[in-house]
Trainee: 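A single structure is presented below for examination.
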Amino acid sequence: MLIRIGFVSIALAIFQNTPSSTFTYKLFQQRPRDEAMARAIEVGRKNLQATQRILYYNAAHGIRLYRMSSSLVPLATHPDVIIDVKEVYAKELAAIGEFIRKEDIRVTMHPNQFTLLNGNDKVVEAAVRDLEYHNALMDGMGLDGMHKINIHIGGVYGDKEKAVQKLYDNFHLVSEPIRKRLTFENDDKAYTTLETLTACETLGQPMMLDIHHDWCNPCDSTPLDLLPRIHATWGDAPMKMHVSSPRDPSDFRAHSDYIDPERLLEFLRGCKKQGLERIDVMVEAKQKDLACLKLAEDLAKVRGIKRLDGAVLEM
DNA sequence: GCCAGTCAAGTCCCG
DNA sequence: CGGGACTTGACTGGC
């Protein structure tokens, strides 16, 4: 079984290279419109350059899974601003996409917690706009449907069944190109693995298993019990999952600096036993790329696991 | 150059 | 129903 490990957004090993520089609406309003617009576009370009640099770093370190920042282009979806990212950054996006394909890196994006498809009309409208923005970036990179955009089921609003039904009812608002990329992740408080899986099966979208969220918010079945069904939702695309470790027993939901390989290893062994040929593991840890490489190093010490590259292993 | 406060988003809990 | 917590990294302003 091939295991590819990745990290989120920023490479700490690179000096002063954030892909998430901001330009807030408050500041936007304080300047003449033309100047403010130019500034927003410039910040976006800087973030894309930082992203390109991180991808160089990933290729050099054998890291073939990466979640891009969701704050690449500030204010791109703000109703009063709106930046056509595919047009404005056509050259930059094409170059990044070409590099991603050449180096066989799988990229994903994860709109923030405020992007939900089951809220009120205004919330859903903003969420769809946000998904279109994320999709436009990946489209501009010329990436296929293996590169995913991940969100959560959404709010509960006092009645989970009704709230999930709202998601189903709203799903027609999500365009076909976005559906090719959209995954749903179980969360640490509201929607369990089984509830998320059921929604994914109903909608025909892949399920992103977050194993730490499952520990925080378990259901009657274990992730390994549900693995055949979860795996099936991915179709032709390799299955992807999230892992993080609790920072502290008293602060269980928060992410720690690095990943404790033990509990993950137990899950990976179960995956191997069930015949999975490949799994992509996204590390969510404070130490980002350093935690990703450390996990690869730790897993490589385990008997039966071979490190093929920086963050690529064979089990 | 450091530290505290601000910003942005939507939900959920408390009063 | 209004306000604060939650979350996260970047950034601003005071000293």
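Side-chain atoms are counted along with the backbone in the values below, which use heavy atoms only and exclude waters and symmetry mates.
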Trainee: Tell me the interatomic distance from A:His212, atom NE2, to C:dT7, atom C1', rounded to whole angstroms.
Mentor: 14 Å
Trainee: Is the gap between the ring centers of A:Phe28 and A:His78 under 6.0 Å?
Mentor: no
Trainee: With respect to the side chain of A:Lys286, which nucleotide from C:dA10, B:dA8, C:dT8 is positioned closest?
Mentor: C:dT8
Trainee: Atom NZ of A:Lys189 and atom C1' of C:dA5: how far apart are they, to the nearest Å?
Mentor: 9 Å
Trainee: Give the rounded distance in Å between these two atoms: CG of A:Leu75 and P of B:dC7.
Mentor: 14 Å
Trainee: May I ask you to check if A:Lys166 and A:Tyr157 form a cation-pi contact, with NZ or CZ under 6.0 angstrom from the six-membered ring centre and within 45° of the axis?
Mentor: no
Trainee: Could you give the CZ-to-C1' distance, from A:Arg129 to B:dA8, as a whole number of Å?
Mentor: 14 Å
Trainee: For every nucleotide of nucleotides 9-15 of chain B, 5' to 3': is a protein heavy atom under 4.0 Å from its base (B), only from its sugar-phosphate (S), or from neither (-)?
Mentor: BBSS---
Trainee: By nearest atom, which of the nucleotides C:dC6, B:dA8, C:dT12 is closest to the A:Thr24 side chain?
Mentor: B:dA8
Trainee: Do A:Tyr56 and A:Phe99 have ring centroids that are under 6.0 Å from one another?
Mentor: yes
Trainee: In whole angstrom, what separates A:Asn17's CG from C:dG9's C1'?
Mentor: 15 Å
Trainee: Please examine the side chains of A:Ile279 and A:Phe267, heavy atoms only from C-beta on, and report whether any two atoms are closer than 4.5 Å.
Mentor: yes
Trainee: How long is the straight-line distance from CG of A:Leu137 back to CD of A:Glu132, given to the nearest 0.5 Å?
Mentor: 12.5 Å
Trainee: Quick one: A:Arg39 CZ to C:dA10 P, roughly how many Å, whole number?
Mentor: 14 Å
Trainee: Can you check the A:Arg247 CZ to C:dC6 C1' distance for me, whole Å?
Mentor: 13 Å
Trainee: So, A:His212 versus A:His255, ring centres under 6.0 angstrom or not?
Mentor: yes
Trainee: For A:Ala311, is there any backbone N or O sitting under 3.5 Å from a side-chain donor or acceptor partner on A:Arg4?
Mentor: no
Trainee: Can you tell which of B:dA8, C:dT12, C:dC6 lies closest to the side chain of A:Arg253?
Mentor: C:dC6
Trainee: Which whole-number value in Å describes the distance from A:Gln30 CD to C:dT12 C1'?
Mentor: 11 Å
Trainee: According to a strict under-4.0 Å criterion, is A:Ser21 in side-chain N/O contact with OP1 or OP2 of C:dA10?
Mentor: no
